[in-house]
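Chain letters run A, B, ... following the sequence lines, proteins first and then strands; every chain starts at 1. Only this structure's heavy atoms are used, side chains among them; waters, hydrogens and symmetry mates stay out. As the structure is a prediction and not an experimental result, all values here were calculated from the model.
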Amino acid sequence: MKQETEEQQDFVKEVTKMSDDFDRWYTDVVRKAELADWSGVRGMMVVRPYGWAMWEAITRAFDDMIKESGHENWAFPLLIPREYLMKEAEHIEGFAPEVAWVTRAGGSMEELEEPLAVRPTSETIIGPLIKRYIQSHRDLPKLTNQWNSVVRWEMRSRLFLRSREFWWQEGHTFHASAQEAMDEAALTQDYYRQIAEDWLAVPVLAGKKSPAETFPGAVYTLTVEGLMRDGLALQMGTSHYFGQNFARAYDISFSNRENERELCYSTSWGMSTRLVGALVMAHGDDSGLIVPPRVAPVQVIVVPIFRDDQGRSRVESFINGWAPELKAAGIRHRVDWRDERPGDKYAHWELKGVPLRLNVGGRDADAGQVEMVDRLTREKVAVPVAGIGKRLTAELDGFQKKLFARAVKFQRDNTVELETLDEVVAHFRERSGFVWAQWCGDGEEEARIKTDAGGVTIRTIDEKAKPSGRCVVCGKPAKFRVALAKAY
RNA sequence: CGGGCGGUAGCUUAGCUCGGAAAAGCGCCUGGUUUGGGACCAGGAGACCGCGAGUUCAAAUCUCGCCCGCCCGACCA
């Protein structure tokens, strides 16, 4: 590992080494790989095309999933009247500290009679609006989603991970029965698992949040939790089951088959641009990004190598001979004709994490092949151009699998099972990662873990496990098996 | 939001203590030689020194206020 690190530093010089300072490494990579920047307005970021393209790949995948199961995209207002926001007591109590308010408007900046909240999430505006469209059980379920940005007045910011504005989707659904709403929460949780594992190649723990970590106003919250290369956990998507809490607050009701008035059961669920940060932190190395092929803006970069105009046109016509095959195979590729030396281009695209690079020079043209270099291993292999579209499709698929397998191994290597609080505290003094432990379910014991182990929280409850052991803190019979970690 | 540190060219920084013509490396532009892992030569452009006030004959430098960023903490369910 150490040796590998030292070899790699010969390749990309722009970024702080991960082992030296993970946080600085992260910021360097995000900025040097042109994913995002700060804007000059505190906590507000500029997402640049290379970063946004990854988010777009995620949004396309997720949008397809939810459309497939009958969800529809809506657009609801950015600004929420105070009166609406205040209705669900727990919800507003939870969000109050991070709400930004519009209190003045117009050329003379006149004070508004009723302040408007900039949405931190849209339950409180969708509730009172959606009820218009729900009268009968025949109008249910109402499966809505919106793609937008929200504002939360965070005190401490990090690019992608915690900014005052971020982009996300928020799904809000309304159902005629509790079971159906609970199924919806479970379904979307599994969508998030798929996005994390199948698209971003980040294995996750899927489970339920503890009461203390549950979304304000929810009956329960489901989560998927990934592990970053610094050993900290990151929430990569959440689904909330509200029961009738919001329906009660906003009087969202319908006539059932017996012509009785009944309150809806509702859910909400979201994932955000934070996932771009997750991808950086889950896969990157000392040379920069490693982007999973399925979300990579550029999957294959072609670097032509030549000496003079003659050599250039020879290589160019060689590339033109097979590049259409890549296009036909649906491979996102680019030929780097910039007037730079090949070495610069290698470093440039490695920093940007492009999965596969094809070095193509006169020798390759003669041999009817290209030199393929893998971003993960830097292995070079000769690939014949005959059937190159099919071959690269398979290589990209293999790359995606290798990346996932590597992340699975990392997660496994950084997960342990412990039995006592002393062990947990000692463990987190030395290292990080996930710790499975048993818990009695008491909030006091949970708080004890957090203080004693320095910010360690219950990331998720394993709902399938039936614990037979004792609580890691108090020694009473355990009710839950939980995953502990420090988290972003 | 508290405590500490910082902001000088696109990037990284020197200069600030002790006020007196704004510097360097990288990057960028032009021309040439080069090109299979980060080339070299020559020339050139680029900075209201974060913003605003104050002190002074004179402010990147001293003082005050504000903005932005980094680290630590609180908070973030």
Between P of B:G37 and NZ of A:Lys380, the distance in whole Å: 6 Å
Nearest-Å distance for atom pair CG/P, residues A:Asp308 and B:G36: 13 Å
Counterpart base for B:C76, defined by Watson-Crick or G-U wobble contacts under 3.5 Å: none
Length of the line joining A:Lys486:NZ and B:C76:C1', which is rounded to integer Å: 18 Å
Rounded interatomic separation in angstrom, taking CG from A:Asp339 and P from B:G32: 11 Å
A:Asp23 side chain, from C-beta outward: closest of B:C71, B:G37, B:A39: B:C71
Sugar-phosphate only, base, or nothing, as touched by A:Lys450 at under 4.0 Å among non-hydrogen atoms: nothing
Euclidean distance, atom OH of residue A:Tyr346 to atom P of B:U35 [Å, nearest integer]: 13 Å
Rounded distance in Å between the C1' positions of B:G25 and B:C71: 27 Å
Ion pair A:Lys402/A:Asp374, N-O distance below 4.0 Å: yes
Sugar-phosphate only, base, or nothing, as touched by A:Gly43 at under 4.0 Å among non-hydrogen atoms: sugar-phosphate
Any A:Arg156 side-chain N or O less than 4.0 Å from OP1/OP2 of B:C72: yes
Gap between atoms CD and P, on A:Glu93 and B:A77 respectively (whole Å): 11 Å
Partner nucleotide of B:G20 by Watson-Crick or wobble geometry (both distances under 3.5 Å): B:C57
Rounded distance in Å between the C1' positions of B:G50 and B:A60: 12 Å
A:Met182 side chain reached by A:Tyr265 side chain, heavy atoms, under 4.5 Å: no
Distance-only donor-acceptor check, side chains A:Trp167 and A:Asn148, under 3.5 Å: no
Atom-to-atom span, CE of A:Met44 to P of B:C68 - whole angstrom: 10 Å
Nucleotide nearest A:Met155 when distance is taken to its side chain, options B:A77, B:U35, B:C1: B:C1
Between C1' of B:G69 and CZ of A:Arg158, the distance in whole Å: 14 Å
Sugar-phosphate, base or nothing in reach of A:Gly40, heavy atoms under 4.0 Å: sugar-phosphate
C1' spacing across the pair B:C11 / B:G7, given as an integer number of angstrom: 14 Å
Check: A:Lys345 side chain, B:G36 base, donor-acceptor under 3.5 Å: no
Between B:C51 and B:C68 - C1' atom distance, rounded Å: 10 Å
Polar side-chain contact A:Arg341-B:U34 base: donor and acceptor under 3.5 Å: yes
Sugar-phosphate, base or nothing in reach of A:Arg357, heavy atoms under 4.0 Å: base
Earlier contact from the 5' end, RNA chain B, for A:Arg152 and A:Arg24: A:Arg24
Whole-Å C1' distance, B:U61 and B:U55: 13 Å
Nucleic acid contacts - residues 206-226 of chain A versus RNA chain B, non-hydrogen atoms under 4.0 Å: A:Ala212, A:Glu213, A:Thr214, A:Phe215, A:Pro216
Phosphate-side-chain proximity, A:Trp153 and B:C1, N/O vs OP1/OP2 below 4.0 Å: no
Whole-Å P distance, B:G6 and B:G44: 36 Å
Pairwise ring pair (Phe, Tyr, Trp, His ring centres under 6.0 Å) hits with a residue in residues 16-37 of chain A, at least two apart: A:Phe22-A:Trp25
Pairwise distance CD1(A:Ile290) to CZ(A:Arg406) - rounded to 0.5 angstrom: 4.5 Å
Polar side-chain contact A:Arg162-B:C76 base: donor and acceptor under 3.5 Å: yes
Sugar-phosphate only, base, or nothing, as touched by A:Gly362 at under 4.0 Å among non-hydrogen atoms: base
Ring pair (Phe, Tyr, Trp, His ring centres under 6.0 Å) contacts touching residues 429-461 of chain A (sequence neighbours left out): A:Trp439-A:Phe480
A:Thr214 backbone acceptor or donor facing A:Thr221 side chain under 3.5 Å: no
Sugar-phosphate, base or nothing in reach of A:Arg42, heavy atoms under 4.0 Å: sugar-phosphate
C1'-based separation of B:C70 from B:G31 [nearest Å]: 42 Å
Pairing partner (Watson-Crick or G-U wobble, both distances under 3.5 angstrom) of B:G65: B:C51
Check: B:G36 base within 3.5 Å donor-acceptor of A:Asp364 side chain: yes
A:Arg378 bridged to A:Glu350 by N-O distance under 4.0 Å: yes
Proximity to the side chain of A:Glu371 - top-ranked nucleotide from B:G36, B:A74, B:C76: B:G36
P atoms of B:A47 and B:G36, separation to the nearest Å: 35 Å
Criterion ring pair (Phe, Tyr, Trp, His ring centres under 6.0 Å) on A:Tyr250 and A:Tyr84, from CA distance to verdict: CA-CA 8 Å; A:Tyr250 296 98; A:Tyr84 286 6; 7.1 Å; no
Among A:Glu184, A:His172, A:Glu123, side-chain hydrogen bond (donor to acceptor under 3.5 Å, both in side chains) partner for A:Ser268: A:Glu123
Heavy-atom donor-acceptor pair, A:Glu350 side-chain to B:G37 base, under 3.5 Å: yes
Ion pair check, A:Asp285 and A:Arg375, cut-off under 4.0 Å: yes
Position toward the 5' end of RNA chain B (nearest nucleotide), A:Phe306 or A:Phe95: A:Phe306
Nucleotide paired to B:A42 in any strand shown, Watson-Crick or G-U, under 3.5 Å: B:U30
